[in-house]
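Contents: one structure, followed by commentary.
In what follows, chains are A, B, ... by sequence order, proteins preceding strands, each numbered from 1.
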Amino acid sequence: MIKIYNSLTKKIEDFKPIKENELTMYVCGPTVYNFMHIGNSRPIIFFDVVARFFKYLGYKVTYVSNFTDIDDKIITRAEEEGISEAEVSEKYIKEISETYNRLNIIPHDKNPKVTENMQEIIDYIGILITKGGAYVSDGDVYFDVSKIDNYGVLSSQTIENLIQGARVETNDKKKNPVDFTLWKETLTGLRWKSPWSEGRPGWHTECVVMINNIFKDKIDIHGGGLDLKFPHHDNEIAQSMCSHDHTIANYWMHNGRIDLSGEKMSKSVGNVIWANDLLDKVDYQIYRFMVLNVPYRQPLNYREELLDQAATEYEKIRRSYNNLYRKIELEDIDLGKKDSEIEKLKTEFIEAMSNDFNTANAITSIINLSKLSNTLLRAKELDREKLASCYSLFTDMLWVLGIETNIEPLEEEDKKLVREYEAARRAKNFELSDELRKQIADKGILL
RNA sequence: GGCUCUAUAGCCAAGUGGCUAAGGCAAGGGUCUGCAACACCCUGAUCGCCGGUUCAAAUCCGGCUGGAGCCUCCA
């Protein structure tokens, strides 16, 4: 049984899919006005692992993440660069998609864009008005937060408290300062015709509409960064309560932030590290290890030291996996064998992952497996079944965390070379073995 | 002012009432080894502070202190 911390109920709950053995998941994607920084990459990496784990368990997974391609920031960026909004968003969608690839993210089933859903958004706002949850005010449309019970359930905020917060923007067009924009009349930038004015939609409607369009119904998991909890996700829930009388998703999941020097990393503060810069420096596997070493709900305070630790850790695991792979290959070991000791480690791994995706403990399982593997490889007698079982599990575990080692099978002549090297060593012909070792190393083969 | 989260060894951290407080990195020691590398083993914390509940608390409750976030765009 998978247990998930549900941000909506603030409890760890047993996961019950809407449809047996199927998972529907939506994660809020980036606004495409800039590159992705490492903070942005955390939900992308984490929810990729969530999707992988469900797939590993045999679920049919449908995972959708959007690109927000309409936003004031995109307009500003377009003006700054003297190009159109479409050019800005196209450019960054391309950049960000490329970063997804570099991080070895399994392609999402869909990456909907706001601009492709405009008619649906306008229709949806119409429904909210009809249902009485929204009102038109001088060309703008606002959501009336007083019309639904429990506004702010996710963030545990009451309307009164939000008003007292006093930092909500004052706007004469709103009945209540907490009401949020569904449609805004605009005179500049990209805009669309609607029954209310020429303008563009507010940010909070798009996700609800895309989910409705793609999934047609309530979904299992809605995810995103913690900073989207309020107002974005609370506003999504408010709209969905009004239109469909449900909270969109059964499980709401929020990942913690990535901080820099103990402070939040964000583009508005300017203390960002770009994902691509980090990827230029280290392999994506190390990057993922660093992120997954910290439980997803905790803040991750980025420091180079963490990267170094992850690098050392990954290097050991990779070497161990590599040696196992070579042994399987050189000894022609048949796969598909199962061993009870190895099965125990598999259970341990699955339990860790099932416990609200405890990747930190899952990595511990991998380390335990790699130690076992190293020991088996050194054993006097070759335990073919154990090695085979070990290899299969090792591969699966790494796959769940999105880590592939890219080891290539050896060519026949290379296999021969390695065997000769081993034979020379056994025969204590060190002159020859050193020479062969050098040849092997020169070919880039890791032993 | 309101609402959240958080505090475990030098660092990252597991832990959700009960055997000797996981694991990793770093450090020290050792084993293996033709050499180098690797690998393997061993060594460390009574859990921010105070009080309470309990036969029993790092784990529950209250208070205090420190750190962070949200209430404005943000993954």
So what does [X] touch, heavy atoms closer than 4.0 Å: a base, only the sugar-phosphate, or nothing?
X	result
A:R297	nothing
A:N361	base
A:D356	nothing
A:N323	nothing
A:L300	nothing
A:F230	sugar-phosphate

Euclidean distance, atom [atom1] of residue [X] to atom [atom2] of [N] [Å, nearest integer]:
X	N	atom1	atom2	answer
A:D259	B:rC74	CG	P	18 Å
A:M353	B:rA14	CE	P	15 Å
A:N235	B:rC73	CG	P	9 Å
A:D227	B:rC5	CG	P	17 Å
A:I367	B:rC38	CD1	P	17 Å

Determine the interatomic distance between C1' on B:rG24 and the same-named atom on B:rA45; round to the nearest Å.
16 Å
Donor-acceptor pair, side chain of A:R318 and main chain of A:T405, under 3.5 angstrom
no
Going by atom types only, do A:D283 and A:Y314 share a side-chain donor-acceptor pair under 3.5 Å?
no
Are A:H233 and A:H254 linked by a side-chain donor-acceptor pair shorter than 3.5 Å?
yes
With the side chain defined as heavy atoms from C-beta on, A:V294 is closest, among B:rA13, B:rC70, B:rC40, to B:rA13
Determine, for A:W183 and A:R200, whether the Lys NZ or Arg CZ falls below 6.0 Å from the six-membered ring centre while staying within 45 degrees of the axis.
no
